[in-house]
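When reading the values below, keep in mind they use all heavy atoms of this one structure, side chains included, and skip hydrogens, waters and symmetry mates.
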Amino acid sequence: GWSRPALRRAARFGDGWIGGVTADYAKVRECIAIYREELVAAGKDPAQAQIALERECFVAATPEDRAAAAEALYRMYLAEHVSWEHSNVQGTEPTHFAAIARDRFLLGSPAEVLAELERYAALGVGHFILRMHYRAFDPQLAERSMRLFAREVLPALRQLPVGAPA
C-alpha cells in the first residue's frame, strides 16, 4: 500500500515493501522514505529491508515498436487504473499519454529503460517486477521486447548497485 499506515504495517510485520505500478517516481521516493522511517520506529535496520517495485516495461528496438507499445500501454492504463480512479492517478489528465507515462512506464530503448531502472535502484529498490505483456497487446511485439531486455538490459541491471538508505 501507499499510505503511512500501510507502510507502517509493512515495516512492523513484513520483510520488505512492494510498490505497485500506479505511482510515479515522486510517490515511490516518498513511500520509500516513510517505509524507512517506520523501520527505524519498529527497531529494524533500514539497510536490511527489501524493496521491490512493479513497473510496466517495454524495450523498443525501433520507433515504430515504441509507438505501438505506447498506444497499448495507454489503453491498458486507462482501462485498469484511470477509469476506476486509483488514488495514484487521480488528477492525471487521461487524454495525454505523457502525463500518465511519466515516471510510471519503462518505455524506450535499452539505454532509456536501463536509465530509469538505475534511478529506482538509487532509491534502494533492489527487486523489479516488470509487466511486459498486456491485454490486447501484440504477442510478437512483446516477445521482441522481452528478448531485447534479456540481451541488452538485464546484464547491466544485474550489475547495478542498490542505493543505501538515506
Side-chain angles (χ1 to χ4, degrees), residues 1-60 69 73-74 76-77 79-82 84-92 98-135 137 142 145-166:
W2 302 103
S3 68
R4 183 172 284 275
L7 293 161
R8 183 177 303 121
R9 284 189 301 274
R12 287 183 180 168
F13 305 119
D15 294 323
W17 176 69
I18 301 174
V21 297
T22 57
D24 61 16
Y25 181 83
K27 182 70 171 183
V28 170
R29 184 181 60 227
E30 173 190 348
C31 287
I32 289 173
I34 293 169
Y35 174 62
R36 288 186 178 137
E37 290 172 14
E38 294 296 339
L39 285 167
V40 171
K44 295 182 179 180
D45 180 3
Q48 300 303 310
Q50 298 295 311
I51 299 173
L53 183 65
E54 294 179 86
R55 292 286 98 168
E56 312 293 355
C57 181
F58 184 86
V59 184
L73 278 167
Y74 179 64
M76 178 274 301
Y77 219 72
E80 291 187 13
H81 302 294
V82 176
W84 54 275
E85 299 178 356
H86 189 287
S87 62
N88 284 337
V89 294
Q90 287 179 358
T92 301
I100 293 173
R102 185 178 306 109
D103 293 332
R104 288 184 179 93
F105 298 162
L106 307 175
L107 173 64
S109 69
E112 290 170 321
V113 169
L114 182 59
E116 285 300 298
L117 291 166
E118 288 172 340
R119 279 195 333 145
Y120 288 107
L123 293 177
V125 176
H127 307 280
F128 294 96
I129 303 162
L130 304 176
R131 290 193 341 171
M132 302 180 87
H133 187 264
Y134 321 96
R135 179 179 19 173
F137 195 62
S145 171
M146 289 178 206
R147 290 185 184 280
L148 190 56
F149 180 88
R151 188 174 59 247
E152 297 192 27
V153 179
L154 190 55
L157 178 60
R158 288 184 172 140
Q159 302 303 314
L160 286 183
V162 176

Does any part of the side chain of Phe128, heavy atoms only, come nearer than 4.5 Å to the side chain of Leu106, both counted from C-beta? no
Any non-hydrogen side-chain atom of Leu107 less than 4.5 Å from a side-chain atom of Val113? no
List for me each residue that meets ring pair (Phe, Tyr, Trp, His ring centres under 6.0 Å) alongside Tyr25, sequence neighbours excluded, and say none if there are none. Tyr120
Evaluate the side-chain proximity of Met132 to Ser145: yes if any heavy-atom separation is below 4.5 Å, no if none is. yes
Side chains of Gln50 and Asp15: closer than 4.5 Å at any heavy-atom pair? no
pair Asp45-Leu39: side-chain heavy atoms closer than 4.5 Å: no
Is there side-chain contact between Val125 and Ile32, with at least one heavy-atom pair below 4.5 Å? yes
Could you tell me whether the side chain of Arg36 reaches within less than 4.5 Å of the side chain of Ile51, counting heavy atoms only? yes
Check whether more than 12 heavy atoms from other residues, nucleotides or ligands sit under 6.0 Å from atom CZ of Arg147, and answer yes or no. no
For residues Val59 and Ser109, determine if any side-chain heavy atom of one lies less than 4.5 Å from a side-chain heavy atom of the other. no
Is Arg55 reaching over with its side chain to a backbone N or O of Gly20, donor-acceptor style, under 3.5 angstrom? yes
When you measure from the side chain of Lys44 to the backbone of Ala49, do you find a donor-acceptor pair of N or O atoms at a distance under 3.5 Å? no
